[in-house]
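Everything below concerns the one structure shown next.
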2 protein chains.
Amino acid sequence: MSPLPTSTKLDHRLPRYHRVREALSAEIAAWRWKPEEAIPSETEIAEAHRVSIGTVRKAIDSLVADGVLERFQGKGTFVRRPDFQSSFFRFFRFANVDGPVRVPVSRILKREVTTMSAAVAAALKLEVGAAALRFSRLRLIDERPLVLEDIWLPYERFKALLAIDTREFGDLLYPLYEQYCGVMVASAQETLSAEAVSAKNARLLALVAGEPVIVIERVALSADRQPLEWRQSRGPASEFRYQVEIR
Amino acid sequence: MSPLPTSTKLDHRLPRYHRVREALSAEIAAWRWKPEEAIPSETEIAEAHRVSIGTVRKAIDSLVADGVLERFQGKGTFVRRPDFQSSFFRFFRFANVDGPVRVPVSRILKREVTTMSAAVAAALKLEVGAAALRFSRLRLIDERPLVLEDIWLPYERFKALLAIDTREFGDLLYPLYEQYCGVMVASAQETLSAEAVSAKNARLLALVAGEPVIVIERVALSADRQPLEWRQSRGPASEFRYQVEIR
DNA sequence: TAGTGGTCTAGACCACTCC
DNA sequence: GAGTGGTCTAGACCACTAA
């Protein structure tokens, strides 16, 4: 294995396993290994960093705990692609869950270049009035509206999306962010609430005005925890379950 | 240190650190050490279980990760008391959050001895029709109804609660469980949904029938993950926020 | 100073995967 | 059979806490 670039100045006061962890995550962020690709074996990493295998294991342990890597006995350790598709189905439960798991069909209702409102700018840690890309999107299963989304992105980082016809966006946005904007969503913070649906949203969701809808506000973050996207989703409460463990 | 009781039949096929973990969490659940109390040192535990210190560390690591124990360098390892009061305020947000944090006042509306319904029995891993203790409780802030709760407990473990006048219950139940039933809630699983409020619940919550309410189903667990309590809470959606991090 | 957890080593053997 | 991660050992030294 070639010598590992210690890209950032590594503080010698930090524990070794911590320095190994930083070195590995820096290399992952720099795409030395693509998602789904195996990183070198624990023995190789230990030799490269001149530490014992136990120290490497501790570094990898913490990256696995943070969902950055995945281990498979006998196969290797792999860069994990955060699977928001499956998380979608972890959080949403539908009346007819017997059949195969399906991604809802997405329909972009609107795409515009605008400026950040105060609330969105705060969530994305940008200036109020900064240039923004905004999407309105409807997600359906069996032609039945399921989720209505209002999505805000910083213009500079995502302007490449303007070049694509919205009818060719496909059903998932995060793969597009990766492909066209070189940006990978690594985690997200969500805030749930509920409200009586407005007349306008009721029309789009095929509900009666006043029926309860769940509202989810999501800030999507990169691996180094920079906010990338703000999104607000609304769906009929009757179709919705959300599970959490408190400790 | 006295020999540790290996209370449950421990499967010798399991990894040793796993067996040590099970033994420790069983003892915590059995109140061998009270919350905020130090457990024996890693060296002592290693000797008692005849494993190396590294194996003990791995067992304790996982209990710390699960929020059951807390470590302090130079001081020891302590049984953690989950702070459900503060978690209540992490999850709920009220219109007037400027003032000091307050626990809602609790009013027990009803206490009865009954039998487990199918759904509750399944959640608590008991037989349908097993004896149950059931409470209906309303929680208020400034005389304003905030949460309506339906609480189910296994009769045997909690029958001591029948001896206390419900007007003397106080505003939090988990301290009562600890004091009178020798049971500590260590974690909980919650499922969120929303619905249009029924006429009956609307009356109790001072809402108009049909307004959206959040529904939280909670199963409270002991340190060794035995289900202790099932509870369903309903509150006006307008008063409610819930925050989660996805990875 | 004695005792605690925090870090680290340099091996060992096992279970699993793939060829 | 070769290579991987999973478990485990029996120590070591360090940093921190409390008496």
Side-chain angles (χ1 to χ4, degrees), chain A residues 1 4 6 10-25 27-28 32-80, chain B residues 1 4 6 10-25 27-28 32-80:
Chain A
M1 190 177 159
L4 293 163
T6 51
L10 289 172
D11 190 334
H12 70 280
R13 294 168 306 183
L14 292 173
R16 296 194 189 183
Y17 76 87
H18 197 278
R19 280 180 275 165
V20 173
R21 188 207 139 105
E22 290 303 304
L24 288 174
S25 68
E27 291 192 277
I28 293 162
R32 172 164 176 161
W33 311 290
K34 287 186 270 299
E36 326 269 290
E37 194 177 325
I39 70 172
S41 75
E42 298 178 346
T43 315
E44 280 178 287
I45 295 172
E47 283 165 4
H49 288 266
R50 303 178 165 280
V51 297
S52 82
I53 222 173
T55 303
V56 171
R57 284 193 65 78
K58 193 159 181 181
I60 293 179
D61 278 347
S62 86
L63 288 168
V64 169
D66 286 356
V68 176
L69 294 176
E70 266 180 315
R71 285 203 268 223
F72 297 96
Q73 181 173 165
K75 296 178 75 176
T77 303
F78 296 79
V79 177
R80 184 165 168 265
Chain B
M1 188 178 161
L4 293 163
T6 51
L10 289 172
D11 190 335
H12 71 281
R13 294 167 305 184
L14 292 173
R16 296 194 191 185
Y17 75 87
H18 197 277
R19 280 180 277 164
V20 174
R21 187 207 140 104
E22 290 303 304
L24 288 174
S25 69
E27 291 193 276
I28 294 162
R32 173 163 177 160
W33 312 290
K34 285 186 272 299
E36 328 268 287
E37 191 177 326
I39 69 171
S41 76
E42 297 178 344
T43 315
E44 281 179 286
I45 296 172
E47 283 166 3
H49 287 267
R50 303 178 164 279
V51 297
S52 82
I53 221 172
T55 303
V56 171
R57 284 193 64 79
K58 193 159 180 180
I60 293 179
D61 278 347
S62 87
L63 288 169
V64 169
D66 286 357
V68 176
L69 294 176
E70 267 180 314
R71 284 204 269 224
F72 298 95
Q73 181 173 165
K75 296 179 72 176
T77 302
F78 297 78
V79 177
R80 183 164 168 265

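Scope of the values below: all heavy atoms of this structure, side chains included, with no hydrogens, waters or symmetry mates. In what follows, chains carry the letters A, B, and so on, assigned in the order in which the sequence lines appear, proteins first and then strands, with residues in each chain numbered from 1. What you see is a predicted model, and the numbers here were worked out from it, not measured in a lab.
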For [N] and [X] - does any side-chain N or O of the residue sit under 4.0 Å from the phosphate oxygens OP1/OP2?
{"X": "Lys58(B)", "N": "dT7(D)", "answer": "yes"}
{"X": "Arg71(A)", "N": "dT4(D)", "answer": "no"}
{"X": "Arg57(B)", "N": "dG6(C)", "answer": "yes"}
{"X": "Ser41(B)", "N": "dG3(C)", "answer": "no"}

Ser41(B): what forms a side chain to side chain contact (heavy atoms under 4.5 Å, CB included) with it, not counting sequence neighbours?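 With neighbours one apart ignored, the set is Thr43(B), Glu44(B).
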
Any residue meeting side chain to side chain contact (heavy atoms under 4.5 Å, CB included) with Val51(A), in chain and number order, not counting sequence neighbours: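 Val51(A) satisfies side chain to side chain contact (heavy atoms under 4.5 Å, CB included) with Arg16(A), Val20(A), His49(A), Thr55(A), Val56(A) once adjacent residues are dropped.
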
Walk along nucleotides 9-19 of chain D from 5' to 3' and tag each nucleotide B, S or - by protein heavy-atom contact under 4.0 Å, base first, then sugar-phosphate. BB----BBSS-

Separation of [N] [atom2] from [X] [atom1] (nearest whole Å):
{"X": "Tyr17(A)", "N": "dC8(C)", "atom1": "OH", "atom2": "P", "answer": "7 Å"}
{"X": "Arg21(A)", "N": "dC8(C)", "atom1": "CZ", "atom2": "P", "answer": "14 Å"}
{"X": "Asp61(A)", "N": "dC8(D)", "atom1": "CG", "atom2": "P", "answer": "14 Å"}
{"X": "His18(B)", "N": "dT7(D)", "atom1": "NE2", "atom2": "C1'", "answer": "13 Å"}
{"X": "Phe72(B)", "N": "dG5(C)", "atom1": "CZ", "atom2": "C1'", "answer": "12 Å"}
{"X": "Glu44(A)", "N": "dT4(D)", "atom1": "CD", "atom2": "P", "answer": "6 Å"}
{"X": "Ile45(A)", "N": "dG3(D)", "atom1": "CD1", "atom2": "P", "answer": "17 Å"}
{"X": "Glu70(B)", "N": "dG6(C)", "atom1": "CD", "atom2": "C1'", "answer": "17 Å"}

Testing Leu69(B), Val79(B), Thr77(B) one by one against Trp33(B) for a side-chain contact (heavy atoms from CB on, under 4.5 Å), which residue passes?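 With Trp33(B) as partner, side-chain contact (heavy atoms from CB on, under 4.5 Å) holds for just one option, Val79(B).
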
Using a 4.0 Å heavy-atom cut-off across all strands, classify Thr43(A) as base, sugar-phosphate, or nothing.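 No contact.
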
Basic-acidic side-chain contact under 4.0 Å: Asp66(B), Arg21(B): yes

Close side-chain approach of Ile45(B) and Leu24(B), heavy atoms under 4.5 Å: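 Ile45(B) reaches Leu24(B) side chain to side chain.
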
Would you indicate whether the side-chain heavy atoms of Lys75(B) and Glu70(B) approach each other to under 4.5 Å? no

Atom pair CZ (Arg71(A)) and CG (Leu63(A)), whose distance is rounded to the nearest 0.5 Å: 9.5 Å

